[in-house]
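In what follows, a single structure is set out as structure tokens and then discussed.
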Amino acid sequence: MPLMNGKQYRDGLRKMKHKVYIMGERISNPVDHPIVIPSQNAVAMTHDLAFDPKYEDLLTVTSSLTGKKVSRFTHVFQSIDDMVKKVKMARLLGQKTGTCFQRCATMDVANAMFIVTSEMDKKLGTHYHDRFLRFMREVQEKDYYVGVAMTDVKGDRSRRPHEQADPDMYLHVVEEKKEGIVVRGAKSNQTGSINSQYTIVAPTAAMKKEDRDYAVAFATPTDAEGIIHIYGRNPGDTRKLEDCSIDLGNPRFSGQETLLVFDNVFVPWERVFLYKEVEFAGRIPFLFAAGHRQSYGGCKAGVSDVLIGAVKLLAEYNGLDEMPHIRDKIIDMVRLTETIYCCGIATGVEGVKTEAGSYFVDQLLGNVCKLNVGALPFEMARLAVDVTGGILGTMVSEKDLKSPEIGKYVEKYMKGLPEVPTEHKMRLIFLIQNILFGINSVGYMVESVHGAGPPAAQKSSLNRLVDFEEKKNLAKEISGIP
Ligand code: SF4
Ligand code: FE
């Protein structure tokens, strides 16, 4: 059954044995934990929309591996259209959830691994590609969400992996057995690790020959023995433990980030996709990043749409929406949103067919896309804060609104237009808080800068990708320098 709905997805997770800690406590049933539920709702949306005739063209596709209808999140790109639809799908899901729906990593890592395993086999005579395809067929058949564990904790950033005082600062192979390998280390900022069935672990950067033990890529179930998920805090996580909905701003959906510990985890050879091939280690994060940097042009545009809607509606509720300076600011938010979306679409349109047989995004544009995503949402946030007003940081709580003693004051004095219930204004203010301050997820701001790598990483990629010789020659020719 290649497609499962949200309920089937959740029921499947319930059978897994994820070892999860939230604020120091072992959580026996994460699927039903109030801090985890909204993040699983966001992933469940990627399943449910696949069954909606209105969206199935975006959410599903015919697999090149199985010939069956599968989730686009598990697809290896076969055309430019695939890479454009990917961004449209991400924008749609950003609009429907108002948060990080987490699953894009599957698509982006699958497309990177498809190419790198093929390149390795051609150059080294290995058999990684077939192995990887066997894994991907299973992923497609079972409609898995496969996360990506790339970001090592890194310890002393000025030292290479093998130079670290503690060798576990980068995930590495600690034992080689007949049946497979044993790895140890930790990966931080792990999007949706508890919500995924598998994760693909790969190096965080290029490796040198002294770092051979750190050059390893593999897939593992996220509930394998030795894997521990430690939940990351957000400014408003404990609001989810209160009996409230208004204060959450986005009561149904959130992202999820964890610290993922690998405490001597066994991986069978069948799931190992790169083993000590140092020269290819950097290819995986390089290609994954270019693809994932495109995804942000979709998801963050979708969340921005929600933000613009909230700001516009709140301005209306306050009787402000006809004021020229308010309209001007909201139109600027639209301009910024469409700019990042254009980057995502162009990254797909300018993609190319690869020697491995798949299509891949334009890497230069993908990096430019993410650089803009790392900057423009901050301008959008400034405009949203400006239009919303100081109440964004001072709004009283749902419990005050519902209090038998003081509720009447909140209702009366927090009101805008007389016909609009105060509760509706409060909901919008908390929604804007949620998006801008990361109230129940990693958030629009931090993730826009650091997701798929920080701006410095994009600039370093661009340094390798930009053809400066060509540009210099243009200048020479125009100016008459021989
Ligand atoms: Fe997908 Fe965006 Fe979340 Fe990354 S930040 S996983 S691209 S929704
Ligand atoms: Fe992300």
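Counting convention: from 1, in listed order, for ligands and their atoms alike. Quick caveat: nothing in here was measured; it's all calculated off a predicted structure.
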### Query
So does C104 have any N/O/S atom less than 2.8 Å away from atom 1 (Fe) of ligand 1?
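Given the 2.8 Å cut-off, C104 counts as a ligand of atom 1 (Fe) of ligand 1.
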
### Query
Can we say R103 and D143 salt-bridge, meaning some charged N sits less than 4.0 Å from an Asp/Glu carboxylate O?
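Yes, this pair counts.
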
Close-contact set for ligand 1 against [X] heavy atoms, below 4.0 Å:
X	answer
F101	8 (S)
Y296	4 (Fe), 5 (S), 7 (S)
K300	2 (Fe), 5 (S)
E447	5 (S)
S295	7 (S)
Q102	3 (Fe), 6 (S)

### Task
Identify which of G297, C299, G255 has a heavy atom lying nearest to atom 8 (S) of ligand 1.
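Selected option, by shortest heavy-atom distance: C299.
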
### Query
Pick one: which of H33, Q102, Q256, E257 meets side chain to side chain donor-acceptor pair (under 3.5 Å) with S39?
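The side chain to side chain donor-acceptor pair (under 3.5 Å) with S39 is passed solely by Q256 among H33, Q102, Q256, E257.
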
#### Entry: Pair D305-R91, salt bridge (charged side-chain N to carboxylate O under 4.0 Å, His left out): steps then yes or no
CA-CA 9 Å; D305 289 329; R91 186 167 187 172; 2.8 Å; yes

### Task
Anything under 30° is parallel, anything over 60° is perpendicular, the rest tilted; go ahead and classify Y144 against Y198.
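The rings of Y144 and Y198 sit tilted, inter-plane angle from 30° to 60°.
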
### Task
Measure the acute angle between the ring planes of F135 and F132, then classify it against the limits of 30° and 60° as parallel, tilted or perpendicular.
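F135 and F132: tilted rings.
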
### Task
Of the side chain and backbone of C100, name the one, both, or neither that has a heavy atom under 4.0 Å from an atom of ligand 1.
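Both parts.
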
### Query
Taking the six-membered ring of F286, is the NZ or CZ of R464 close enough (under 6.0 Å from the centre) and on axis enough (within 45°)?
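Yes, R464 lies over the aromatic ring of F286.
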
### Geometric cation-pi criterion, R131 with F273: 6.0 Å, 45°
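No, R131 does not sit over the ring of F273.
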
